[in-house]
Every structure is written in structure tokens, then in C-alpha cells.
Amino acid sequence: MPPPVPKVQVQFNQNVTGVPLGGVNVFDRIVPPGATLVSEEDGKFIFPSGGNWVLFLTSPGSIEVSFSAIVA
């Protein structure tokens, strides 16, 4: 048997206002400008069939900033 093939849908929107509602906030990360954050979660996230995950990048305060992020 071949292993199952992951099925994902990646979406992006740069014009979002507010914050996500509902769900569970697993953790927050605050990364200073120009810094790199590397983290190994070691199986922390296990999704049931039909589950989903949101990565929400925001700027501090009401200042509009441009992000440059690589998520692997």
C-alpha cells in the first residue's frame, strides 16, 4: 500500500481586518523586527479529518507594516 497523500488547501489574504473568532488559540509568538524564529513543535498539532489551522500574522498596534515571512 502506498502511504496516504496529504490533501491541503492554502489560502492567503492581505486585507483582513480584526482577528479570527472561535476556535482555540494554541499559542502566540512575538518576533522582533528583523529577527528569525525557528521552532520545532514535535507533533504538537494533530488534526482530525476536516480540521484546519490558521497562521495569523499581525502588526503591533494600529500601524500598517509589510511582512516578509517564510513558513515551512
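Atom set for the values below is all heavy atoms of this structure, side chains included, hydrogens, waters and symmetry mates excluded.
For residues 15-31, the pairs satisfying salt bridge (Lys or Arg N to Asp or Glu O under 4.0 Å) are R29-E41, with sequence neighbours left out. Sorted pairs that involve residues 16-26 and meet salt bridge (Lys or Arg N to Asp or Glu O under 4.0 Å), not counting sequence neighbours, are lacking altogether.
Heavy-atom neighbours of L37 CG from other residues, nucleotides or ligands within 6.0 Å: above the threshold of 12.
Applying the under-4.5 Å side-chain rule to Ile, Leu, Val, Met, Phe, Trp and Tyr, the cluster around V19 extends to V16, V54, F56.
With sequence neighbours excluded, no residue forms a side-chain hydrogen bond (donor to acceptor under 3.5 Å, both in side chains) with N13.
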